[in-house]
Q: 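I am attaching a structure below and will ask some questions about it afterwards.
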Amino acid sequence: MPELPEVETYRRYFEETSLHQPIEFIEVEDRKLLTTDYATLTETLVGQSFVSTKRVGKNLFVQTNQGNTVHFHFGMTGDLEYYHSSLERPRHARIIFVFRSGFNLGFICPRKFERIGLVENIESYLKKKKIAPDALDISLEELSRNVRKRKSFIKPVLLDQSTVAGIGNWIVDEVLFQAKIHPESWSNTLTDNETERIFIAIRYVLETAIEHEANYGRFPTSFLIHAREWDTSPYEEANRHLLCPCGKIEIAQIRVGGRATYYCPECQQLR
DNA sequence: CGCTATGTTGTTCC
DNA sequence: AGGAACAACATAGC
């Protein structure tokens, strides 16, 4: 689930549960999930407490009381679960911060695409990884510049974290739908009006998603997301709407840049 | 079994 | 050099 709205929801959850408690131990099931070796991570963090959080795109940074910074990346399926030690360990909690309070913060890693490690500082990390400004902070000017200097379909350009940070495969389809732009439009030929529509749609979609704590099923019926096979449980499947909110035609499914892509052939036409 | 998956990175080609 | 395209990563679920 972790695109920008999910990571923002995790960040808030982290703030509500895991600050100001000394870390007693860090349990790591698979060291491949660490970007800092286990000994260094443990020696640095044990005894310290988390004191603040910051999110940039899909990256969560957590600062400690002695000035260290821990980076969390949730991959495709990462999650957080805070629970008391007396309870059973959550499924796929492959890294666990055990606090002296008796509570634990589990980093849920079903597919092992998730990562945790120490970073020297946030700015240098973002620069090294070529991560653009957060999708909720970027200016229209910088977004337009970053989009137009590329020569590719607009969808993969928006997914690239060096264009704008935080947009994933579900949000990008929703943004392009709301902006009425075909996912295979050439990024270098978009007009001022079109990049502005994308800019506005990014804010609208992300703010809506964060409001609903990334519960996609509760999004407005004017959203494309309801056509997506985002949850195949019987209940959700019954709520799936293949017809575009415009009422004229069914949402089409194609592949763009190797990724499943949903769009409305009526509302999002190529120029 | 075969296929898909919310993300990122490494490789290859141009 | 640098960008675009795409396979690979590890696992779960249908």
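Predicted, not measured: the structure shown is a model, and the values here were computed from it. Residue numbering restarts at 1 for every chain, and letters A, B, ... go by the order of the sequence lines.
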Q: Taking any heavy-atom pair under 4.0 Å as a contact, classify A:Gly168: base, sugar-phosphate, or nothing.
A: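 Here A:Gly168 touches the backbone only, sparing every base.
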Q: Measure up the A:Phe14 and A:Phe72 rings against each other and bin them: parallel (under 30°), tilted (30 to 60°), perpendicular (over 60°).
A: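 It falls in the perpendicular class, over 60°.
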Q: Just N and O in the side chain of A:Lys129: are any of them under 4.0 Å from OP1 or OP2 of B:dT9?
A: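 For A:Lys129, the contact criterion (side-chain N or O under 4.0 Å from OP1 or OP2 of B:dT9) is met.
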Q: Between A:Leu33 (CG) and B:dT8 (P), how many Å, whole number?
A: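 Atom-to-atom, A:Leu33 to B:dT8, this comes out as 16 Å.
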Q: Would you please confirm or rule out a distance under 4.0 Å between OP1 or OP2 of B:dT8 and any side-chain N or O of A:Arg259?
A: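 Answer is no, no contact under 4.0 Å.
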Q: Rounded to whole Å, please give me the gap between NZ in A:Lys149 and C1' in C:dA1.
A: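 In whole Å, C:dA1 C1' and A:Lys149 NZ are 15 Å from each other.
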Q: From NZ of A:Lys155 over to C1' of C:dA4, roughly how many Å is that when rounded to an integer?
A: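 Taking atom C1' of C:dA4 as the reference, NZ of A:Lys155 is at 17 Å.
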Q: Find the distance A:Gln253:CD to B:dA5:P and express it as a whole number of Å.
A: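 Spelled out: CD on A:Gln253 to P on B:dA5 is 7 Å.
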Q: May I ask you to say what A:Arg115 touches in the nucleic acid, namely base, sugar-phosphate or nothing, with a heavy-atom cut-off under 4.0 Å?
A: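 Touches nothing.
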Q: Are A:Arg11 and A:Glu15 within salt-bridge range, i.e. N to O under 4.0 Å?
A: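 A salt bridge links A:Arg11 with A:Glu15.
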Q: Hydrophobic cluster mates of A:Ile249, side-chain heavy atoms under 4.5 angstrom, ILVMFWY only, any path?
A: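 Traced through the cluster, A:Ile249 reaches no other member.
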Q: If I take atom CD in residue A:Glu114 and atom P in nucleotide B:dT8, what distance separates them, rounded to the nearest angstrom?
A: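 Answer to the nearest Å: 12 Å.
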Q: Between B:dG7 atom P and A:Tyr10 atom OH, what is the distance in whole Å?
A: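 So the OH-P distance, A:Tyr10 to B:dG7, works out to 11 Å.
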